[in-house]
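Data block below; observations after.
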2 protein chains.
Amino acid sequence: MSTAEPEATTEVNGSLPQQRRTYSIGELARMFEVTPRTIRFYEQEGLLAPERRGQTRIYHEKDRVRLKLTLRGKRLGFSLAEIREVIEMYDAMPDGNARQLKRLLEILADKRSNMERQLEDIRLMQRELDDVEMRARDVLARLAKE
Amino acid sequence: MSTAEPEATTEVNGSLPQQRRTYSIGELARMFEVTPRTIRFYEQEGLLAPERRGQTRIYHEKDRVRLKLTLRGKRLGFSLAEIREVIEMYDAMPDGNARQLKRLLEILADKRSNMERQLEDIRLMQRELDDVEMRARDVLARLAKE
DNA sequence: CAAGCACTTTACGTTAACGTCAACGTCGTC
DNA sequence: GACGACGTTGACGTTAACGTAAAGTGCTTG
C-alpha cells in the first residue's frame with residue numbers, strides 16, 4: 001500500500017532490503033501484546049510518528065523497531081520521557097552540534113551504569129531466589145516425610 | 001506478632017551475629033537515599049513491620065535487610081505488591097502448607113524467567129548503546145575535522 | 001444497504017508510589 | 001522555657017502510563 005517512496009535503505013536491516021511491509025495499529029498491538037491505546041499514547045508522547053493515510057496510521061519497519069526498543073526500555077525501567085530523549089537525540093544526530101552529541105554521550109554513559117547496576121541487582125536477586133527456593137524445597141521435603 | 005522470640009540466628013548474616021544496632025527512620029532514610037515518607041509508606045503496604053517504642057519506630061537489622069531487598073526489587077521493576085507477596089510467603093514458610101509452598105516456587109520461577117528476560121534485554125540494549133555511541137563519536141570526529 | 005469490523009478523536013477515570021502540608025508530641029540544649 | 005531537630009498521624013495532591021467509554025468515519029461483505 002505504501003505510496004512507494006525511494007526510501008533510504010540505509011536501515012539496520014541485516015540483509016533483506018525488501019520487506020516493504022506496513023502495519024496497522026491493530027497488527028502492531030497484537031504482535032507486541034499491547035493495546036492500540038498504548039501505541040497511540042506513545043505517539044502522543046513523541047515516541048512514534050507513523051505515516052498517515054487520511055486519518056489512519058500506517059506503521060513501517062522503522063516504527064516497529066522503535067516500538068520494540070521502547071518496550072524493551074520500559075522493561076528495563078526507563079520512563080517514556082527518558083526513552084524519548086534518547087530517540088530524539090538519535091534522530092537529531094546527523095546534524096547535531098557538538099554540545100548535543102556530548103550530551104547524548106553523557107546520557108548513554110548514564111544508561112550504561114544503570115545497566116551495570118541492574119546486572120548486579122539481578123545477580124544478587126538470583127542468589128536470594130536460590131536461597132528461598134532451597135528453603136522452600138527443604139520444608140516441602142520435610143512435610144512429605146511425615 | 002512475635003513478642004521476643006529466641007530468634008533463629010540462621011540469618012544470612014555472614015559471620016557477625018552481634019551488631020545489635022537499631023536505626024531511626026531518618027537514619028535508614030539517609031542510608032538508602034529515600035525519604036521517611038517512603039519508608040512509612042512501605043510499612044503501610046506491609047513490606048516492613050518495625051518495632052515501636054511508644055509512637056516511635058525502631059528498625060533492626062532485619063528491617064534494614066528487608067528495605068534493601070525491597071529497593072532492589074523496585075530497581076528491577078517489581079511492584080511493591082509483588083515484593084510483598086514474596087516477603088509474606090517467605091515469612092509464612094516455616095509453617096507453610098504444601099500448597100502455599102508450591103505457589104511460592106511458582107512465583108520464584110516466574111521472577112526467574114523475568115530476570116532471564118531482563119538479562120537478554122540488557123545485552124540487547126547494550127549493543128544498541130554501543131551502536132549509538134559509535135555513530136555519535138563518528139559525527140563528533142567529523143565535526144572536529146572541519 | 002445494513003451490519004460489522006477496524007480505525008479515529010476527545011475526554012474523563014484509574015492505579016501505583018509517593019510528595020506535601022498541617023498540626024501535634026518529645027527530646028536535648030542553650 | 002523557648003527553640004530546633006526529629007518523630008508522629010492524617011489527608012489531600014501529583015505524576016506516569018495507560019484504561020475506558022462515547023461518538024463518529026470508512027470499508028467490505030453478505
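None of these values were measured; they are calculated from a predicted model. A, B, ... follow the sequence lines: proteins, then strands. Residue 1 opens every chain.
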Closer than 4.0 Å, any side-chain N/O of A/Arg57 to the OP1 or OP2 of C/dC7?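 Negative; the distance criterion is not met.
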
Using a cut-off of less than 4.0 Å, is there contact between a side-chain N or O of B/Ser24 and OP1 or OP2 of D/dG7? yes

Contact summary for [X] and [Y], nearest pair of heavy atoms:
{"X": "A/Met93", "Y": "B/Ala136", "result": "CE-N, 3.5 Å"}
{"X": "B/Gln55", "Y": "B/Arg52", "result": "O-NH1, 2.7 Å"}
{"X": "A/Pro36", "Y": "A/Ile25", "result": "O-CD1, 3.7 Å"}

State, without any angle test, whether A/Tyr59 and A/Glu27 hold a side-chain donor-acceptor pair at a distance under 3.5 Å.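 Not at all, the side chains of A/Tyr59 and A/Glu27 share no donor-acceptor pair under 3.5 Å.
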
To the nearest Å, how far apart are B/Ile39 CD1 and D/dG7 C1'? 13 Å

Nearest-Å distance, CD1 (B/Ile58) to P (D/dG7)? 11 Å

Identify, between B/Arg30 and B/Arg52, the residue whose nearest nucleotide on DNA chain D lies closer to the 5' end.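 Going by which nucleotide is closer to the 5' end, it is B/Arg30.
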
Please list every donor-acceptor pair under 3.5 Å in which a side-chain atom of residues 65-82 of chain A meets a protein atom from a residue at least two apart or in another chain.
unit_1  : atom_1 : unit_2   : atom_2 : d
A/Arg66 : NH1    : A/Leu47  : O      : 3.3
A/Arg66 : NH2    : A/Asp91  : OD1    : 3.3
A/Arg66 : NH2    : A/Asp91  : OD2    : 2.3
A/Thr70 : OG1    : A/Arg66  : O      : 2.8
A/Arg75 : NE     : B/Asp121 : OD2    : 2.6
A/Arg75 : NH2    : B/Asp121 : OD1    : 2.8
A/Arg75 : NH2    : B/Asp121 : OD2    : 3.3
A/Ser79 : OG     : A/Ala81  : N      : 3.4
A/Ser79 : OG     : A/Glu82  : N      : 3.1
A/Glu82 : OE1    : A/Ser79  : N      : 2.8

Using the 3.5 Å cut-off, write out each protein N or O paired with an N or O of nucleotides 13-18 of chain D and the distance between them.
unit_1 : atom_1 : unit_2  : atom_2 : d
D/dA17 : OP1    : A/Leu80 : N      : 3.1
D/dC18 : OP2    : A/Tyr42 : OH     : 2.6
D/dC18 : OP2    : A/Lys74 : NZ     : 3.0

Looking at A/Asp63, A/Ile83, A/Leu48, which one forms a side chain to side chain contact (heavy atoms under 4.5 Å, CB included) with A/Tyr42?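 That would be A/Leu48.
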
